[in-house]
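Below is one structure, written out as structure tokens, with a few remarks after it.
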Amino acid sequence: IFHDITEHRTVEQERKSFLAMISSDLQKPLVQISESVEKLSLGAVEGLPDKARERLNIAERNLKRLLVLVKDLIQVSEMESGNIELNGTMLCVNELLTRSASEIQQTAEARGIQMELGSSNLQVYADPDKVMQVLVNLLSNAVKFSPEKSSVRLFAESADRSGKFV
């Protein structure tokens, strides 16, 4: 049995192109809006009522979240096209764990979740930005899906002698 997948491939290619186009088209205006809102919230306009300043802070947080989502879409598009650039360097795993835990500490505290951080003397050759992105995403999900007032443990150990760590 043979199936013609030409249409499926065409649709998939169009989806990828659309994702790449939308992502880059959204990023520039969002950055400009974010910068303007940030200036306003930092006092570019004097005498703003507290309620207006509070709404600006909310808008700023939401814009930052949108920028992260757009950045993620761009990265997915780059990965799918094979154009992702990795910048490998030797990294201290303990430092990665500490930095990633500090990124989501506020969210964890808001849910009453205790972060338990182990220590490690492991070194790894990797792209620091990509590793941090993965670790923060994993920790964020762990905090989001853990019961309130529980704990999330973060530690690293060598899986084998190949240099992999878990």
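Because the structure is a prediction, the values reported are computed rather than measured.
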Side-chain contact test, heavy atoms from C-beta onward, threshold under 4.5 Å: evaluate it for M115 versus S151 and give yes or no.
no
When you compare the side chain of V124 with that of L96, does any pair of heavy atoms fall below 4.5 Å?
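The answer is yes; the side chains approach within 4.5 Å.
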How many angstroms lie between [atom1] in [X] and [atom2] in [Y], if you round to the nearest 0.5 Å?
{"X": "N62", "Y": "L67", "atom1": "CG", "atom2": "CG", "value": "11.0 Å"}
{"X": "L154", "Y": "T98", "atom1": "CG", "atom2": "OG1", "value": "8.0 Å"}
{"X": "I113", "Y": "K149", "atom1": "CD1", "atom2": "NZ", "value": "10.0 Å"}
{"X": "S146", "Y": "R153", "atom1": "OG", "atom2": "CZ", "value": "12.5 Å"}
{"X": "Q105", "Y": "L139", "atom1": "CD", "atom2": "CG", "value": "10.0 Å"}
{"X": "L40", "Y": "N57", "atom1": "CG", "atom2": "CG", "value": "11.0 Å"}

Atom of [X], atom of [Y] and distance for their closest heavy-atom approach:
{"X": "L97", "Y": "G118", "result": "CD1-O, 4.3 Å"}
{"X": "V70", "Y": "L30", "result": "CG2-CD1, 3.8 Å"}
{"X": "L63", "Y": "S34", "result": "CD1-CA, 3.7 Å"}

Should we count CD of Q114 as having more than 12 external heavy atoms under 6.0 Å?
no
Exceeds 12 heavy-atom contacts within 6.0 angstrom, atom CZ of R111:
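Enclosed: over 12 neighbouring heavy atoms sit under 6.0 Å from CZ of R111.
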Under the side-chain contact (heavy atoms from CB on, under 4.5 Å) test, residues paired with T107 that sit two or more places apart
V143
With a 3.5 Å distance limit and no angle check, can you tell me whether N87 reaches the backbone of D127 through a side-chain donor-acceptor pair?
no
Does the N94 side chain pair with the main chain of S120, one donor and one acceptor, at a distance under 3.5 Å?
yes
Mind listing the side-chain donor-acceptor pairs of residues 129-137 below 3.5 Å, one per line with the distance, residues two or more places apart or on another chain?
unit_1: Q133; atom_1: NE2; unit_2: D72; atom_2: OD1; d: 3.2
unit_1: Q133; atom_1: NE2; unit_2: Q75; atom_2: OE1; d: 2.7

Tell me every residue that passes salt bridge (Lys or Arg N to Asp or Glu O under 4.0 Å) with K64, counting only those two or more places apart in sequence or in another chain.
E60
